[in-house]
Amino acid sequence: MNEFAHAKPPARFDAPGPLSAVLFAAFLAFFVWSLAGAGISISELIGGLPNMARIGAEMVPPATDRLLPMLQSVLVTFQMAVVGTVLGIAFSVPLAVLASRNHTPHPSVRGAVRAVISFMRTVPDLAWALFFVASVGLGPFAGALTLIVDTIGFCGRFFAEAMEEVDSGPPEAMAAIGAGPLDIIACATLPMALPSLINTSLFALEKAVRSSVVLGLVGAGGIGAELATSMEMFRYDQAATIILMIFALVVVVEQLSSRVRARLIGGRG
Amino acid sequence: MTGPTNDNGEARAPALRVDQLAKRFDGAAAPVWSEVSFAVPAGQSVAIIGGNGTGKSTLLRCCLRLIEPSAGDIHLHGERLTGSRAHHLRRMRSSVGFVFQKHNLVPRLSALSNVLHGGLARGRGPRHWHQALARREDREYALRCLEQVGLADLAGRRADHLSGGQSQRVAIARALMQRPRTLFADEPVASLDPQAGEEVMETFAALTRERGLTLIFVSHHLEHALRYADRVLGLRRGRLYLDALTAGESIGSLRNLYE
């Protein structure tokens, strides 16, 4: 006879403990309350459907009357993204060195730099854009400054982590023969972390292109400003053209980024 | 023992002198070893042997303060290494080469760039970071170092495309780029197959002879210790158990260390 014949089968579902049940009920109550807080309303959604249909209809066919200025704005948006990303990356590298456990001159420096990078990352880019628009005025310069800060917040953290993860052997080999800290970073840490740095940088560029569109809505220049104006003037056909241009720009940048990533990281260096 | 002399007949400082060295890792009940003292005259070849866990690699690293010793004194080429500040320590390390068990090359860079990095302690800055930026004379010397280990034709090959034996020979060439007076090697052939291991040890022996270098290496191979070293230091039970010239030793006598 099977020796397990009298064994009690395991329960299919372990009943949650009282604390879990209370927490689950509390979350459910908060979610229902949040539905009201978020203004979720089926009736308003149904009421808005004709407006959506009308705006959608007015978007077709997309306008072509302001094609040249729009293309110029797309170019400014892309330039803003490129400058913001490149300068952001340039500032991120030294900050990441100071923030990485294996290269920081002192743990307190690491803590302070990490705090600065975290602050740059956690404050939303729109808040930075409003700050820079108020500081340096409307236009792409405010947008570029926003993207620099946003890129440092993103790249600074991931660069530091990439530098911490590299094999400690080559840096130790260089330290053993008397190489200085800067030489070790330049000759061992950075080349070994390079695939990760390139990957993060390309993601930062894609992110910056998407952000730069939104930044224009608060006056930080580029195609976003054109979109805001078209929507305010009820020129939905122009807005449609702009949205298509933004879509094309984002797709092209993502495709190029994927190819560059594959080429640089996939074995050549 | 009468030490070597310079051209004026004055006694020359030993390449390495270690006095009452001890190492205890944080939280460990007992030291890895203690009261370790020895002096290596310039030009001598010394093998450090002992069973697993006796602290051979720790001793080698402590000699250059890659691991800080807990007690004792170290003099390298006549200068006190213990207690020296970072800048002074780097200057003193610039007179040694170090070859690790794992080659520790930077994988994405060429063999030539890796060899050039061997000279970083002598010349700093971007000109020493990459072969494309290097001065012509440095590039030529790096190529000569590669030639000496028989790999000049692979100078442009990426380090991660080299075999284990080739990588270790590039690591030796990198150590030579330093123009070292003393060469340290931590089980340099442990990760290689027997044939590649023999080739690498032969390369070591030939280079130290040709350049008159001091060689201090850790090895698990008693045959290598007897064949390539003038002297053997054996660690056992936390002490320097054996300090003898290899001429008077045999594999049988060295096996006592492992019992």
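Here the structure is a predicted model, which means the values were calculated and not measured. Lettering of chains follows the sequences in order, A, B, ..., and the numbering in each one begins at 1.
Distance check, rounded to the nearest 0.5 Å: CG of B/L116 to SG of A/C187 gives 9.0 Å. Distance check, rounded to the nearest 0.5 Å: CE of A/M174 to CG of B/N114 gives 6.5 Å.
The shortest non-hydrogen separation linking A/I177 to B/F98 is CG2-N, 3.8 Å. Of all the heavy atoms in A/P170 and B/V106, the pair that sits closest is CB-CG2, 4.0 Å.
Looking at B/L105, only its backbone comes within 4.5 Å of chain A, counting heavy atoms on both sides. Only the side chain of B/R174 comes within less than 4.5 Å of a heavy atom of chain A; its backbone N, CA, C and O stay farther away. When heavy atoms are compared at a cutoff of 4.5 Å, B/R61 approaches chain A solely by way of its side chain, counted from C-beta outward.
Counting heavy atoms from C-beta on, the side chains of A/P195 and B/R108 come closer than 4.5 Å.
With chain A as partner, the option from B/H87, B/H117, B/R93 having the largest number of non-hydrogen pairs under 4.5 angstrom is B/R93. Highest contact tally toward chain B, considering only A/G180, A/A176, A/A175, is held by A/A176 [criterion: heavy-atom pairs under 4.5 Å].
The neighbour count for B/R91 CZ, taken as heavy atoms of other residues, nucleotides or ligands under 6.0 Å away, is above 12. Within a 6.0 Å radius of CZ in B/F38, more than 12 heavy atoms belonging to other residues, nucleotides or ligands are found.
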